[in-house]
S.K.: 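Could you have a look at this structure, given as structure tokens, before my questions?
Nothing here was measured: the structure is a model prediction, and the numbers come from that model. The analysis underlying the following values was restricted to heavy atoms, covering all of them including side chains, and did not include hydrogens, waters or symmetry mates.
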Amino acid sequence: MALKGLDIFKLTPKTNCKECGSPTCMAFSMKVAQGAAEISKCPHMSDEAIATLSEATAPPMKTIKVGTGDAEYTLGGETVLARHEKTFVSKPRFAVNVTPDMDIDAVLAEANKVDYDRIGERMHAEMVYVEYTGDAAAFTEAVKKVAGKGKTIILACKDADAAKAALDVCKAEKPVLNGADASNYEKMVEIAKEAGVVLGVSGADINELYDTTAAIEKLGYKELVLDTTGKDVKETFATTVQVRRACLAKDPDRTFGYPSIVNLSKIAPNDEAMQIALASVFILKYGSIIVMDTMNYARGLALYGLRQNVYTDPQKPMKVEPGIYPLNGGDENSVVLTTVDFALTYFVVSGELERSGVPCNLVISDAGGLSVLTAWAAGKLSSTSVSKFIIENVEPKIKSRKLIIPGKVAVLKGDIEAKLPGWEVIVAPNEAVQLVKFLKDLKANGEI
């Protein structure tokens with residue numbers, strides 16, 4: 001941060017009104033300096049002070065918003081080079097590459113087959129990258145085909161007239177116009193500014209990219225993304241990493257402080273295995289938008305899982321809210337199962353329970369976001385915690401008195417039964433994948 005807490009405090013109204021959520025203006029100032037609060041939280045800060053502080057306390061990489069509605073995404077805003085230093089902020093987004101000569105509807109339909117939830121996050125290709133191939137009319141028609149499809153549009157076009165015509169079709173959806181370079185940036189800035197869209201900047205090499213970005217900033221436009229795609233894999237990787245390092249260095253160069261676009265369709269065309277490998281690299285180092293030929297489960301299962309792991313805040317456990325989750329039409333008479341609030345455990349277990357088709361109630365208690373054995377070892381999952389949660393939250397709502405506990409903590413069975421009079425405690429298998437047969441057998445034998 002360019003300003004310390006005391007510097008920020010000098011610009012506050014010093015009323016200690018507490019409307020920002022902090023007890024004093026000094027406490028608020030310290031939070032802002034640490035990045036834990038935004039300047040806008042203070043309702044009494046002058047416009048001049050907000051402008052000064054917003055610029056001084058902004059992250060070295062600018063935060064950019066693209067798209068609208070459900071297809072609006074935040075890019076950039078990063079503050080560290082390595083996730084373990086603090087956390088990464090804005091996860092990379094995947095774009096499917098299309099050209100006017102393709103069957104665009106078929107390409108999108110194929111990509112849209114990959115659309116699923118994993119640990120509460122929707123996994124799908126969020127963007128579509130429309131590439132200009134020389135025919136302005138065909139390009140506009142291609143844009144019409146992707147408009148209104150619920151995806152953020154990226155217009156890859158360096159022809160000013162063609163870009164303007166395409167923007168007339170889709171500018172309400174706030175696309176990215178990826179078309180500025182050393183030869184046309186002035187025209188492209190005018191077009192992007194008029195349409196109110198983010199402008200993509202490219203260069204023949206990293207030096208030209210820097211100079212062009214600096215020239216655009218001098219024109220007063222800073223809603224930018226940097227296309228770091230080079231002529232081959234080596235150049236693309238080097239440019240992408242150097243851009244990120246430059247803006248996050250000890251003395252950051254904010255000319256490079258923007259999100260990036262990496263086009264794998266250009267550096268590894270029609271090579272699925274290479275694109276998957278490269279996408280995994282640029283999830284880590286440091287693509288904000290990653291363009292691929294298509295999206296399918298071979299790509300998605302690996303890449304979305306990696307992205308979620310890397311872009312989850314390591315300082316915060318992945319948790320679900322404690323409560324009762326009815327599955328398969330479960331009601332007050334359905335059997336009760338319990339597990340911990342670790343998100344991955346919840347989604348694995350709930351997925352298997354749904355697959356069984358047996359009506360049930362999955363009860364989640366607060367275990368600190370830890371896995372079953374870790375929570376048990378730490379004392380977060382115990383007979384006391386389980387019985388207390390059942391008595392306070394389940395018994396008033398559920399008539400069933402059969403409770404299935406995780407197999408890995410079978411040792412808790414006797415204590416739980418002692419603390420829950422009238423309940424029958426059943427021990428589940430050790431592995432979630434065994435739950436389907438286990439529940440079906442219980443139901444077939446009339447035990448639940």
Side-chain angles (χ1 to χ4, degrees), residues 1-8 30-39 51-65 74-93 180-182 185 198-230 233-263 278 280-290 307 310-315:
M1 292 289 179
L3 295 181
K4 297 180 180 179
L6 188 58
D7 298 320
I8 297 169
M30 296 304 295
K31 285 186 178 181
V32 172
Q34 295 165 6
E38 297 180 2
I39 296 297
T52 301
L53 292 173
S54 295
E55 179 66 23
T57 61
M61 176 182 287
K62 186 174 175 61
T63 300
I64 300 291
K65 289 189 180 293
T74 300
L75 307 173
E78 304 296 345
T79 59
V80 293
L81 283 170
R83 172 193 185 252
H84 66 265
E85 294 178 62
K86 188 175 181 183
T87 184
F88 289 157
V89 177
S90 301
K91 62 177 68 69
R93 302 296 175 173
D181 61 17
Y185 68 87
V198 171
L199 180 63
V201 188
S202 62
D205 55 32
I206 192 170
N207 295 316
E208 186 175 290
L209 177 62
Y210 183 91
D211 292 341
T212 305
T213 304
I216 291 173
E217 288 185 327
K218 286 181 180 179
L219 295 176
Y221 206 66
K222 294 186 178 182
E223 295 298 308
L224 307 175
V225 295
L226 307 183
D227 191 333
T228 56
T229 311
V233 173
K234 181 179 179 181
E235 182 180 314
T236 302
F237 180 77
T239 300
T240 306
V241 171
Q242 288 177 50
V243 164
R244 180 65 63 92
R245 284 179 176 170
C247 75
L248 296 182
K250 186 175 181 180
D251 296 314
D253 188 335
R254 294 202 175 190
T255 300
F256 268 162
Y258 297 98
S260 62
I261 297 176
V262 178
N263 190 345
L278 291 176
S280 66
V281 168
F282 287 109
I283 287 172
L284 301 170
K285 305 272 186 188
Y286 294 100
S288 302
I289 298 174
I290 300 173
R307 182 182 71 176
V310 172
Y311 280 80
T312 296
D313 188 344
Q315 300 175 27

S.K.: Can you give me the closest heavy-atom contact between A180 and I216, atom names plus distance?
M.R.: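 Answer, listing the atom of A180 first, then I216: CB-CD1, 4.1 Å.
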S.K.: Could you tell me which non-hydrogen atom of P60 sits nearest to which non-hydrogen atom of T79, and how far apart they are?
M.R.: CD-CG2, 4.5 Å
S.K.: Ignoring hydrogens and geometry, is there a side-chain-to-backbone donor-acceptor pair from R307 to R93 under 3.5 Å?
M.R.: no
S.K.: Are any of the side-chain heavy atoms of I39 and V32 separated by less than 4.5 Å?
M.R.: yes
S.K.: With a 4.5 Å heavy-atom cut-off, do E223 and I64 have their side chains touching?
M.R.: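 In short, these two side chains touch, coming nearer than 4.5 Å.
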S.K.: Can you name the one residue among D181, T239, D227 that meets side-chain contact (heavy atoms from CB on, under 4.5 Å) with L209?
M.R.: T239
S.K.: Rounded to the nearest 0.5 Å, what's the gap from OG on S288 to CZ on R244? Could you check?
M.R.: 5.5 Å
S.K.: Under 3.5 Å, side chain of T236 to main-chain N/O of G230, donor-acceptor pair present?
M.R.: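 Yes; judged by distance alone, with no hydrogens or angles, the pair exists.
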S.K.: Between G76 and S90, what is the shortest heavy-atom contact and its length?
M.R.: O-OG, 2.8 Å
S.K.: How many angstroms lie between atom OG1 of T312 and atom CZ of R83, to the nearest 0.5 angstrom?
M.R.: 6.5 Å
S.K.: Answer whether the closest heavy-atom distance between the side chains of K285 and T240 falls below 4.5 Å.
M.R.: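 Side-chain contact under 4.5 Å: no.
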S.K.: Just how far is it from atom CE of M30 to atom CD1 of I8, taken to the nearest 0.5 Å?
M.R.: 8.5 Å
S.K.: Closest approach of S260 and Y286, non-hydrogen atoms and distance?
M.R.: OG-O, 2.9 Å
S.K.: How far does NE2 of H84 sit from CG of L81, to the nearest 0.5 angstrom?
M.R.: 10.0 Å
S.K.: Tell me whether E78 contacts the main-chain N or O of V89 through its side chain, where contact means a donor paired with an acceptor under 3.5 Å.
M.R.: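 Yes, the answer is positive, given that a donor and an acceptor are paired below the 3.5 Å cut-off.
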S.K.: I need the K218 NZ to Y185 OH distance, nearest 0.5 Å.
M.R.: 8.5 Å
S.K.: Roughly how far, to the nearest 0.5 Å, is the CG atom of D253 from the CG atom of L248?
M.R.: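 Those atoms lie 11.0 Å apart.
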S.K.: Looking only at heavy atoms, which two atoms of K86 and D313 are closest? And how far apart?
M.R.: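 Closest approach of K86 to D313, heavy atoms only: O-OD1, 4.0 Å.
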S.K.: Just to verify, which of I261, V243, T255 counts as forming a side-chain contact (heavy atoms from CB on, under 4.5 Å) with L226?
M.R.: V243
S.K.: Using a 4.5 Å cut-off on heavy atoms from C-beta on, say whether the side chain of Y258 contacts that of V198.
M.R.: no
S.K.: Closest approach of E217 and K222, non-hydrogen atoms and distance?
M.R.: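 Scanning both residues completely, I find the closest heavy atoms to be CG-CG, 4.3 Å.
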